[in-house]
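Working notes, beginning with the structure itself.
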Amino acid sequence: MRGLLKKYPLSDILFALISFSASFIVLSLIIATALVLYDESALAIHRFGILNFIFSAEWDPVREVFGAASSLYGTLVTTVLSLLFAIPVSIGIAIFLTEISPHILKTPIGIAVEMLAAIPSIIYGMWGLFTLAPIMANYIEPFLQKTVGKIPIIGLLFQGTPQGIDLFTASVILSIMITPFITSITRDALNLTPDIMKESAYALGATKWEVVKDVMIPYAKLGIYGGVVLALGRALGETMAVAFVLGNNHQIPISLFEAAATITVTLANEFTEADSDIYLSSLFYLALILFTLSFVVLAIAKFFLLKAERGYSR
Amino acid sequence: MIYNPAYVRRRKVKSLIALSLSTLAAFLGLFWLGFILFDVLRHGIEGINLSLFLEDPAPPGIPGGGLRNAFVGQLLIVFYATIIGVPVGLLAGIFIAEYARGTKFARTVSILSDIMVSVPSIVVGTFIYAILVQPVGSINLGGLIAVGFLSAIVAIIFGAILSFIVNRIFKITSEIAGKISNITISTLTVLFGIFVFLILSSKLVDKVQGFNGWSGAVSLAFIMIPVVLRTTEDMLSLVPWTLREAAFALGASYYKVIKDISIRAAITGILTGIILSIARVAGETAPLLFTSFNNSYFTTNMNEPMSSLTVTIFNYAMGPYEDWHIKAWAAALVITIFILFITIVSRAIISWRYRS
């Protein structure tokens, strides 16, 4: 200690200590979250087990029997559907921004798309409830029923009376919300393709689309994966946008035009109403599952992005 | 391959179709943005008037009144969140970009905070609920932390002013006199900070009685910390290392280098990052649902449940009354304009500052 004091001035040591403890807080926050959530859900874990809880579709606060399957199902369906909608659009936008757009439009359109990420999710939810849901119920869903709904097996997905408050609308809103995440990462990755590679492809007589498809996208592959998985993590945890348009109905519907619940929606709607210990503990259990899921997904995204970064710098 | 016009044409048409679809996708993105903004503007403008900002809510179902309580609550919660979140994020960012640069520890913290940025905000809400709302009857730790940071900041400002005045009055030349005045000023600053903390905490912080404003501020700070940390780290790593080496060569300590070289060079970026993070948490709803909850009365007491704009929007939009819906749209318009304005301006500043 004395040697340290002789070598460095006191202000230096103090500042290093203070800033170290600040960065230590960041580490401990994430560990504390996991521990506290586990501790709070211990009662439910003990009562319902792990696999049993995940695969049980029963959610009955009156009989105090809880299972995560209905919420997990909603989360999975909305996430997968929103990715299906968002991936082609976002990659299309990224291609437009890197290859097609005139130089003068690149920045404004890029900023406009990123603005979609800045709009708070509660605004998406409200807009979804008051504007998108009626449009869905009156025009788009009946149209889908008349066309795709007539196909034998796929038609099952489009059954029921279109209400607008359902899995389908929620997925559309989610897809709008995650588009900017995929777009900006894909655009940055595409931009890193060396000009010399593109030029050699053009010299061989490739069309613009062939250059994009066979040179740029393979080059930017890892970055695109990272962006998609990051968006997946975002979609898993999105609460307010979905809470407005999903209806919080604990069931596992086959049709996409039915109300359902996701983990986040269940938490948002029932957390303050939980009147028994086991009810609250089960909700904490759901939060723990969501935390673990999104942590793993985001870690995978980060893995891809780091790997991509290393690849480009080589 | 032998030149075949039909084959070439097919490839060209394919390319044209694919590129048109991409352009269409870009217009789809713009369309959604325009649609949402236009809708918020169209509905929100109806409810914007002075009484929205100046009056408290009328009883449910009765038209009139405003959302003064929600505006004030939102400001207070975001203010205390900033007081906690910015110092922690800033210091942690400085540590991993300067002292721990390139170490495993720095990389771990950086990666973990990248993950923390995207952890579902509702999970943050449940975590804060468990530690700051559930333990009814114990002293509110969140409040103590917030007040602690507040008094530290006040004390540092006090110390800076004090040393400025002292340096103006006494022209200190000898080394010993400089040391003595430094020690006196630091002691006075620390004592002043403790004094402020004792007074403020006895006035502002109470025992936990259930949902309270402090817990809302802490949960927003939780979301803010990693954002501030990452921007600070990025901005500091953009400062050329040679700049620091020049200062080291003159015999400056690392603390002096950070204070006078690194931070000064990166200050525009760091400040813009902080403002962006404020804009980010200002729109958060999910972590406030179970922490600061909601309150239909006006209050500035952070120990009580406190209403915020976002939670009010949620409740009003889901409510049955037409008047509530109009107010929710108006609040949505205010919050959207605020966030978009801040985001656009700070992005413009960053791209102007880091053009090269």
Side-chain angles (χ1 to χ4, degrees), chain A residues 8-9 11-12 15-16 18-20 22-23 25-27 29-30 33 36-37 40 89 92-93 95-96 100 109 111-113 115-116 118-123 126-127 129 131 176 179 207-210 230 233-234 236-237 239-240 244 264 267-268 271-272 284 287 290-291 294-295 298-299 302, chain B residues 11-12 14-15 18-19 21-26 28-30 32-33 36 39-40 88 91-92 94-96 99 109 111-116 118-123 126-127 130-131 222 225-226 229 253-255 279 283 285-286 289-290 293 310 313-314 317 328 332 335-336 339-340 343 347:
Chain A
Y8 303 101
S11 58
D12 215 10
F15 189 68
I18 292 175
S19 59
F20 168 72
S23 60
I25 287 177
V26 175
L27 275 186
L29 269 180
I30 213 146
T33 309
V36 166
L37 289 182
E40 293 292 332
V89 174
I93 299 177
I95 293 173
F96 176 81
I100 306 169
I109 294 184
I111 289 179
V113 172
M115 281 300 108
L116 280 175
I119 296 177
S121 58
I122 183 123
I123 308 290
M126 209 176 147
W127 175 78
L129 176 69
T131 305
I176 303 174
T179 298
T207 60
K208 201 169 213 170
W209 168 242
E210 284 163 352
L230 180 74
R234 282 279 164 156
L236 278 179
T239 311
M240 299 321 290
F244 278 98
T264 51
L267 286 174
F271 203 85
T272 50
F284 271 115
L290 180 63
F291 179 72
S294 57
F295 193 90
L298 293 168
K302 194 64 203 167
Chain B
R11 281 170 52 205
K12 275 192 177 161
K14 210 172 169 187
S15 172
L19 296 183
L21 283 179
S22 295
T23 314
L24 205 67
L28 189 65
L30 291 183
W32 288 127
L33 181 72
I36 294 171
D39 226 43
V40 171
V88 176
L91 287 169
I94 290 173
F95 185 78
I96 62 173
Y99 288 108
V109 172
I111 290 174
L112 272 182
S113 48
D114 256 353
I115 293 177
M116 255 172 94
S118 306
V119 155
S121 52
I122 195 150
V123 172
T126 58
F127 166 61
I131 59 170
F222 185 112
I225 288 171
L229 187 155
S253 70
Y254 208 156
Y255 169 64
T285 318
L289 286 173
F290 336 125
F293 199 55
T310 46
I313 293 176
F314 184 54
I335 222 166
T336 311
I339 288 174
L340 287 190
T343 314
R347 271 170 186 280

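Sequence lines set the chain letters: A, B, ... in the order given, protein chains first and strands last, and positions in each chain run from 1.
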Taking side chain as everything from C-beta outward and backbone as N, CA, C, O, which of these in [X] sits under 4.5 Å from a heavy atom of chain A? Side chain, backbone, both or neither.
{"X": "Leu33(B)", "result": "both"}
{"X": "Leu28(B)", "result": "side chain"}
{"X": "Ala279(B)", "result": "neither"}
{"X": "Ile335(B)", "result": "side chain"}
{"X": "Ile94(B)", "result": "side chain"}
{"X": "Val88(B)", "result": "both"}
{"X": "Arg11(B)", "result": "both"}

Please find the pair of heavy atoms, one from [X] and one from [Y], that lie closest to each other, and give the distance.
{"X": "Leu30(B)", "Y": "Ala112(A)", "value": "CD2-CB, 3.5 Å"}
{"X": "Leu129(A)", "Y": "Ala317(B)", "value": "CD2-O, 3.9 Å"}
{"X": "Ala130(B)", "Y": "Val36(A)", "value": "CB-CG1, 3.5 Å"}
{"X": "Trp209(A)", "Y": "Lys14(B)", "value": "CD1-O, 4.4 Å"}
{"X": "Ile339(B)", "Y": "Pro120(A)", "value": "CD1-CG, 3.5 Å"}
{"X": "Phe95(B)", "Y": "Ser23(A)", "value": "CD2-OG, 3.4 Å"}

Practice prompt. Would you sort out whether Ile313(B) and Met126(A) count as a side chain to side chain contact (heavy atoms under 4.5 Å, CB included), showing the intermediate values?
Written response: CA-CA 8 Å; Ile313(B) 293 176; Met126(A) 209 176 147; 3.4 Å; yes
Within-4.5 Å side-chain heavy-atom neighbours: [X] and [Y]:
{"X": "Ile100(A)", "Y": "Ser22(B)", "result": "yes"}
{"X": "Leu289(B)", "Y": "Phe271(A)", "result": "no"}
{"X": "Ile122(B)", "Y": "Leu290(A)", "result": "yes"}

Worksheet item: Would Thr126(B) and Leu37(A) count as a side chain to side chain contact (heavy atoms under 4.5 Å, CB included) if you check the C-alpha gap in whole Å, the side-chain angles of each, and the deciding distance to 0.1 Å?
Response: CA-CA 8 Å; Thr126(B) 58; Leu37(A) 289 182; 3.6 Å; yes
If I take atom [atom1] from residue [X] and atom [atom2] from residue [Y], how far apart are they, to the nearest 0.5 angstrom?
{"X": "Ile36(B)", "Y": "Thr131(A)", "atom1": "CD1", "atom2": "OG1", "value": "9.0 Å"}
{"X": "Asp12(A)", "Y": "Tyr254(B)", "atom1": "CG", "atom2": "OH", "value": "9.0 Å"}
{"X": "Trp32(B)", "Y": "Leu116(A)", "atom1": "CH2", "atom2": "CG", "value": "10.5 Å"}
{"X": "Phe15(A)", "Y": "Leu91(B)", "atom1": "CZ", "atom2": "CG", "value": "5.5 Å"}
{"X": "Thr336(B)", "Y": "Ile123(A)", "atom1": "OG1", "atom2": "CD1", "value": "3.5 Å"}
{"X": "Thr343(B)", "Y": "Ile119(A)", "atom1": "OG1", "atom2": "CD1", "value": "9.5 Å"}

Which region of [X], side chain (C-beta onward) or backbone (N, CA, C, O), has a non-hydrogen atom less than 4.5 Å from a non-hydrogen atom of chain B, or is it both or neither?
{"X": "Leu230(A)", "value": "side chain"}
{"X": "Ile176(A)", "value": "side chain"}
{"X": "Phe284(A)", "value": "side chain"}
{"X": "Lys208(A)", "value": "both"}
{"X": "Ser11(A)", "value": "both"}
{"X": "Thr179(A)", "value": "neither"}
{"X": "Ile25(A)", "value": "side chain"}

Report the option among [options] that has the most heavy-atom pairs separated by less than 4.5 Å from atoms of chain B.
{"options": "Ser19(A), Gly237(A), Gly233(A), Gly92(A)", "result": "Ser19(A)"}
{"options": "Ile95(A), Ile111(A), Ile122(A)", "result": "Ile122(A)"}
{"options": "Phe295(A), Phe291(A), Phe244(A)", "result": "Phe244(A)"}
{"options": "Ile109(A), Ile30(A), Leu267(A), Thr33(A)", "result": "Thr33(A)"}
{"options": "Leu29(A), Val89(A), Thr264(A)", "result": "Leu29(A)"}

Worksheet item: Which one, Asp39(B), Leu340(B), Val109(B), leads in non-hydrogen pairs under 4.5 Å with chain A?
Response: Asp39(B)
Response to the item:
Interface check, chain A: of Met116(B), Arg347(B), Lys12(B), most non-hydrogen pairs under 4.5 Å belong to Met116(B)
Discussion item. Before you tell me yes or no, could you show the steps for Ile225(B) and Val26(A) under side chain to side chain contact (heavy atoms under 4.5 Å, CB included), namely the whole-Å CA-CA distance, both residues' side-chain angles and the distance that decides it to 0.1 Å?
Written reply: CA-CA 8 Å; Ile225(B) 288 171; Val26(A) 175; 3.7 Å; yes
Worksheet item: Leu112(B) and Leu27(A): side chain to side chain contact (heavy atoms under 4.5 Å, CB included), yes or no, with the steps?
Response: CA-CA 7 Å; Leu112(B) 272 182; Leu27(A) 275 186; 3.2 Å; yes
